[in-house]
Amino acid sequence: MSELAVHGGTPALQGLGDFPTWPQPDADEEKALLEVYRSGKWGSTAGPVVAEFEQEFAHYQDAAHGTALVNGTLAIVAALRACGVGLGDEVIVPPYTFIATASAALFLGAVPVFADVDPQTHLLDPAASAAAITERTRAIVPVHLAGRAADMDAFRELGRTRGIAVIEDCAQAIGTRFRGQAVGSLGDMGTFSFQSSKNITAGEGGLVTTSDPALADALYSLVNVGRVRGGGWYQHQHVGYNLRLTEFQAAVLRPQLRRHPADQELRESRSQQLRAELERVEGVQLAPPDPNLTSHGHHLFILRLAELGRLGLRDAAVQALAAEGVHASPGYVPLHRNEAVVTDAREVAARLGQPYPEAPCPQADLVSTDTIWLPHRYLSGTEDQTSAVASALAKVAGAAAELQSSTVQAGG
Ligand SMILES: *Cc1c(COP(=O)(O)O)cnc(C)c1O
């Protein structure tokens with residue numbers, strides 16, 4: 001085993017150049033932006049570009065309707081609101097996700113209730129979700145984390161039999177398909193994000209998909225200050241936000257959507273290569289393949305370093321990887337451990353005189369000690385770069401003793 005770069009060895013990525021940055025805009029975005037600029041129609045109440053993008057994106061995700069809006073966080077808020085979630089309602093969410101999945105419920109005075117994840121996939125566990133249902137449960141939000149689909153058979157069944165809305169958080173799952181059908185069309189609604197890190201981006205942005213025309217109308221109204229389609233400008237039939245996306249944003253999203261299948265193909269092929277090369281590496285744990293996952297969205301490449309995690313060396317591993325030229329993330333602090341979220345949730349419940357259901361989430365606790373991930377740009381490099389990432393991971397995964405000694409030195 002060669003010496004760790006963090007201890008003066010040669011970095012695994014040395015001489016192979018940088019990974020592609022993200023986003024990767026081309027002349028199409030520039031042309032589309034200029035067209036909007038010159039048209040003087042910069043808002044979607046004047047121009048056609050947002051509406052065109054909504055249709056194209058909904059079609060791409062196999063849904064009948066798409067409603068664009070300002071970001072993925074407010075996409076979840078609007079989706080929850082559209083299906084009637086309000087004061088004191090409980091919303092089941094996984095703890096191992098971005099904070100927005102839970103804070104969205106709090107913005108509506110609703111109570112996020114955490115159900116544990118499957119440690120092999122990091123995805124919301126249907127059995128734990130079923131156990132978390134109470135008479136106050138109004139919705140459940142499975143997250144297709146990293147681009148891998150949650151078990152939508154199970155969640156649809158839960159929604160149907162228990163009478164609760166199923167909202168798919170698809171922020172990390174553009175292009176993900178579950179048994180051939182795109183996410184965002186499997187539950188009652190799907191929410192997407194076009195924030196800078198996401199696989200299609202306008203810097204910020206979001207969208208909600210649904211195939212239910214009544215929900216689509218409710219979303220339109222929530223995004224457009226309570227207006228109704230075809231109604232008057234000052235006809236505010238409901239209380240709604242202004243959540244509209246601008247024409248500039250839709251202009252840069254449309255060309256990226258057209259390029260997405262090709263981008264996706266490259267990520268799929270690099271991901272397969274990385275998986276194959278990591279299969280032989282001891283100490284690296286990958287999620288088992290899912291035959292229902294007919295297309296992985298590849299937002300993140302997630303892995304667990306179980307042995308290093310047990311030794312408390314996950315963060316040291318992230319540092320050592322950075323020295324090799326691989327900038328991995330140590331992943332989420334689970335939300336049932338986030339003081340702000342839990343305090344707010346308890347407070348809403350207490351003010352309404354409701355109990356706050358707090359089941360332990362031991363699997364989320366476990367994976368949060370040993371998980372790391374690579375952002376998707378690491379799946380868009382050359383084959384040589386991809387092999388070098390595997391070598392870097394192998395070097396670090398097998399270096400428990402070296403990492404421990406340097407941690408002890410640093411700590412001492
Ligand atoms: C990015 C993300 C969001 C929120 O999207 P924003 O556009 O940043 O508000 C929600 N859920 C998950 C799982 C995300 O990754």
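Source: prediction; values computed, not measured. All ligand and atom numbering here is 1-based and tracks the order in the structure. These values consider heavy atoms only, across backbone and side chains, with no hydrogens, waters or symmetry-generated copies.
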Check ligand 1 against [X] and write out every atom of the ligand that is under 4.0 Å from a heavy-atom position of the residue.
X: Val143; value: 13 (C)
X: Thr97; value: 13 (C)
X: Phe98; value: 2 (C), 3 (C), 4 (C), 10 (C), 12 (C), 14 (C)

Enclosure of Gln235 CD (heavy-atom neighbours >12, cutoff 6.0 Å):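 Atom CD in Gln235 is crowded, with more than 12 foreign heavy atoms closer than 6.0 Å.
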
Shortest heavy-atom approach to atom 1 (C) of ligand 1 - which of His299, Gln195, Lys198, His144: Lys198

Atom 15 (O) of ligand 1 - nearest protein heavy atom and its distance: Gln172 NE2, 2.9 Å

Distance from atom 11 (N) of ligand 1 to nearest protein heavy atom, with residue and atom: Asp169 OD2, 2.8 Å

Centre-to-centre under 6.0 Å for [X] and [Y], is that the case here?
X: Tyr60; Y: Phe192; answer: no
X: His376; Y: His299; answer: yes
X: Trp22; Y: Tyr378; answer: no
X: Tyr241; Y: Phe107; answer: no

From CG (Leu274) to CD (Glu279), nearest 0.5 Å: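 With rounding to 0.5 Å, CG (Leu274) is 11.0 Å from CD (Glu279).
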
Aromatic plane relationship, Tyr37 with Trp42 - under 30° parallel, 30 to 60° tilted, over 60° perpendicular: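 Rings of Trp42 and Tyr37: parallel, under 30°.
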
Under-4.0 Å heavy-atom contact with ligand 1, by part of Asn71 that carries it: both

Residue portion contacting ligand 1 (non-hydrogen atoms closer than 4.0 Å) for Thr73: both

Backbone or side-chain N or O of Tyr332 under 3.5 Å from ligand 1 N or O: no

Polar contact flag for Gly72 and ligand 1 (N/O pairs, less than 3.5 Å): yes

Min heavy-atom dist Glu204 to ligand 1 below 4.0 Å: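 No, Glu204 has no heavy atom closer than 4.0 Å to ligand 1.
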
Side chain to side chain, Glu277 and Val389, heavy atoms closer than 4.5 Å: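 In short, these two side chains do not touch, never coming nearer than 4.5 Å.
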
